[in-house]
Protein chains: 2
Amino acid sequence: MRYARWMADEPKIASAWTRPRRQRETLSREQIVAEAVKLLDAEGVEALSMRTLGTRMGTAATSLYRHVTNRDELIEFVVDEVYGEIEVPDGSEGWRASVTACAGSVRAMILRHPWIASLLGQVGLSYLGPNVMRLNDRMLALFEGAGEFGPVEADKAISAVMAFVIGMGVSEAAWLTSLARSGQDEREWVAELAPAAVKAAEPYPHLRAHVAAGRVDDMRQTRDEHFTYGLNAILDGLQPRRPS
Amino acid sequence: MRYARWMADEPKIASAWTRPRRQRETLSREQIVAEAVKLLDAEGVEALSMRTLGTRMGTAATSLYRHVTNRDELIEFVVDEVYGEIEVPDGSEGWRASVTACAGSVRAMILRHPWIASLLGQVGLSYLGPNVMRLNDRMLALFEGAGEFGPVEADKAISAVMAFVIGMGVSEAAWLTSLARSGQDEREWVAELAPAAVKAAEPYPHLRAHVAAGRVDDMRQTRDEHFTYGLNAILDGLQPRRPS
DNA sequence: ACCGTCTGCGTACAGTGTTCGCAACAAGGG
DNA sequence: CCCTTGTTGCGAACACTGTACGCAGACGGT
């Protein structure tokens with residue numbers, strides 16, 4: 001395939017333009033994780049194998065190991081990469097508005113890349129990636145600055161908010177992944193699943209009432225409401241904990 | 001190996017005691033998921049393959065497929081199985097105490113089985129398992145009964161609490177899994193990782209201060225404190241949202 | 001005693017992550 | 001200009017995975 005670079009039928013004109021130029025820029029670590037993210041976005045988590053990633057980049061699978069020691073390491077890089085998409089304001093809009101915006105940014109990132117729901121568990125939560133570090137730093141600045149938290153309290157408060165946001169986002173992402181795998185419209189899908197749900201909920205009186213009254217109108221807005229409801233509850237609970 | 005059951009060297013005494021008794025009880029679906037849980041607890045998530053699970057049960061790998069259609073289905077069963085360990089009080093102790101106890105039970109379950117952090121993402125969050133249904137039913141009873149929430153609010157409040165508890169638990173589980181993989185004592189491990197952490201945090205002023213002041217005393221208690229801090233914040237925020 | 005159904009299992013196949021050694025390249029020094 | 005040295009891509013190979021298929025033995029009912 002790409003042997004043509006050094007095969008004899010190529011004219012050996014020693015010019016800067018015919019020079020093979022060993023396409024270095026197609027096989028650096030940054031390019032590999034970028035292509036991995038694109039592959040995950042396009043085909044989902046079960047499509048990420050070293051071989052398919054290699055063919056996507058026009059190289060052999062084993063070539064990737066020159067720039068990435070492991071598949072696990074690649075996944076750590078990928079996770080850190082998408083963490084880089086999270087924006088956290090500087091706090092000039094006030095603590096609460098800034099945290100709300102940051103939480104929304106995290107959720108948006110997760111919903112843009114639902115496969116991290118799978119990958120977050122597979123890797124030991126890479127705490128040392130530069131983008132994760134940057135995120136933590138900005139969050140600390142936000143909680144200690146505009147939030148007026150003390151250093152220890154800021155740590156706890158950030159953990160609480162992030163646990164909620166990630167927990168909620170991962171749950172949504174798992175739902176959306178299953179939905180995507182079904183290949184159907186969301187309304188069709190829940191309509192198809194409804195009988196099984198009703199049957200499964202049948203022995204449980206409270207659940208049964210909820211399943212029966214389940215509104216299927218626009219679940220997108222329902223999800224948004226659930227998220228903002230929980231986030232506001234947490235922020236309400238955090239507000240009086242500031243020592244100010 | 002187990003051919004002896006029907007091989008001719010076995011005395012063919014037609015008695016109830018020498019009868020082969022086809023050990024049915026070693027290969028039902030319940031036994032399979034129970035053994036899978038034991039395997040996961042003992043060896044971690046990367047050790048769960050159909051073949052190793054089969055040899056653990058003294059059967060061939062393909063025999064498992066008579067009782068479980070898929071590996072994914074097995075995982076759904078396993079997840080539902082450990083969900084069955086969660087206890088939720090009936091609310092007679094009051095709403096807040098009951099929710100706190102339930103949240104603690106969920107966290108304890110996750111820390112007992114840290115591998116669900118990986119499995120929760122791999123499966124599309126099996127909402128229809130009987131134990132998940134039971135848990136949701138009891139939670140609804142708790143929030144609508146002792147909590148005096150309306151049905152819609154109860155749904156949102158439960159989502160919020162569960163998102164936090166699961167998010168926090170999964171994060172802890174990921175940490176503990178990495179720790180277990182290192183095979184070291186927790187103090188040793190963080191001491192070994194500290195230089196890398198300091199170096200990674202170096203460009204970020206707020207984080208740097210936190211990493212420098214990081215207390216390694218007893219992280220177990222620190223984790224507990226983080227959990228109860230966040231949980232109390234959420235419950236504080238939920239309390240005034242009850243229509244009472 | 002027979003027959004249909006159920007269950008365990010050996011074999012096989014496609015696909016996975018990863019190792020190893022070889023060949024082609026780039027750069028530098030004589 | 002050649003030769004050396006390190007770097008990078010790659011084919012082959014290995015151990016292992018999930019799973020389909022068909023066979024044979026066991027069970028249950030008549």
Side-chain angles (χ1 to χ4, degrees), chain A residues 1-10 12 14 16 18-32 35-36 39 43-76 78 118-119 122-123, chain B residues 1-10 12 14 16 18-32 35-36 39 43-76 78 118-119 122-123:
Chain A
M1 17 175 89
R2 276 165 67 256
Y3 275 63
R5 273 198 273 125
W6 57 72
M7 268 167 77
D9 54 353
E10 181 118 354
K12 278 272 187 76
T18 62
R19 187 163 50 90
R21 205 163 79 87
R22 185 200 264 265
Q23 47 252 67
R24 218 292 168 41
E25 59 261 32
T26 78
L27 214 52
S28 69
R29 193 173 78 189
E30 289 76 14
Q31 305 267 340
I32 289 176
E35 189 67 36
L39 172 58
E43 313 257 2
V45 69
E46 64 273 5
L48 177 66
S49 80
M50 299 307 251
R51 279 183 244 260
T52 62
L53 182 57
T55 55
R56 273 228 169 191
M57 308 194 63
T59 72
T62 58
S63 305
L64 305 174
Y65 286 88
R66 292 286 174 189
H67 307 89
V68 163
T69 68
N70 244 348
R71 194 187 119 104
D72 286 355
E73 190 182 283
L74 170 63
I75 288 179
E76 282 191 44
V78 163
S118 314
L119 298 193
Q122 271 184 45
V123 73
Chain B
M1 18 175 90
R2 276 166 68 257
Y3 275 63
R5 274 198 272 126
W6 59 73
M7 269 168 79
D9 54 353
E10 180 118 355
K12 277 272 185 73
T18 61
R19 186 163 50 91
R21 205 163 79 88
R22 183 202 262 267
Q23 45 252 65
R24 223 288 171 39
E25 59 261 33
T26 78
L27 214 51
S28 69
R29 194 172 77 188
E30 288 76 14
Q31 306 267 340
I32 290 176
E35 189 68 35
L39 172 58
E43 313 257 2
V45 68
E46 64 273 5
L48 177 66
S49 79
M50 299 306 250
R51 279 181 244 258
T52 61
L53 182 56
T55 55
R56 274 228 168 191
M57 308 193 64
T59 71
T62 58
S63 304
L64 306 174
Y65 285 88
R66 292 288 173 191
H67 307 88
V68 163
T69 68
N70 245 348
R71 194 187 118 106
D72 285 355
E73 191 182 284
L74 170 63
I75 288 179
E76 282 191 42
V78 164
S118 314
L119 298 192
Q122 270 184 46
V123 74

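Lettering of chains follows the sequences in order, A, B, ..., and the numbering in each one begins at 1.
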Can you measure B:Arg71 atom CZ to D:dA20 atom C1' for me and round it to whole angstrom units? 18 Å

How long is the line joining CD1 of A:Ile32 and C1' of D:dT8, in whole Å? 11 Å

Are the side chains of A:Leu53 and A:Leu74 in touch, meaning some heavy atoms are under 4.5 Å apart? yes

Reckon A:Arg66 touches a base, only the sugar-phosphate, or nothing at all at heavy-atom distances under 4.0 Å? base

Atom OH of A:Tyr65 to atom C1' of C:dC20: distance rounded to whole Å? 13 Å

I want to check one thing: is the phosphate of C:dT16, taken as OP1 and OP2, less than 4.0 Å away from some side-chain N or O of A:Ser49? yes

N or O in side chain of A:Asn70 less than 4.0 angstrom from C:dG17 OP1/OP2: no

In whole angstroms, the gap separating P of C:dG8 from CD of B:Gln31 amounts to 12 Å

Spell out yes or no: do the side chain of B:Arg51 and the base of D:dG18 have one donor N/O and one acceptor N/O closer than 3.5 Å? yes

Sequence neighbours left out, what pairs pass salt bridge (Lys or Arg N to Asp or Glu O under 4.0 Å) with at least one residue falling in residues 46-58 of chain B? B:Glu35-B:Arg56, B:Glu43-B:Arg56, B:Glu46-B:Arg181

Verify, without hydrogens or angle tests, whether A:Thr52 (side chain) and A:Ala47 (backbone) share a donor-acceptor contact under 3.5 angstrom. yes

What is the separation between atom CZ on A:Arg29 and atom C1' on D:dG9, rounded to the nearest whole Å? 19 Å

Once you round it to whole Å, what is the distance between P of C:dG8 and CG of B:Leu64? 9 Å

Minimal non-hydrogen separation, B:Met50 against B:Leu64, with atom names: O-CD1, 3.5 Å

Within this structure, what is the CE-to-C1' distance between B:Met50 and C:dC13, rounded to whole angstrom? 17 Å

Calculate, to the nearest 0.5 Å, the distance between atoms CG and OG belonging to A:Leu39 and A:Ser49 respectively. 8.0 Å

Any B:Ser63 side-chain N or O less than 4.0 Å from OP1/OP2 of C:dC9: yes

How many whole angstroms separate atom CE of A:Met57 from atom P of D:dC10? 11 Å

For DNA chain C, whose closest nucleotide is more 5', that of A:Ala47 or that of B:His67? B:His67

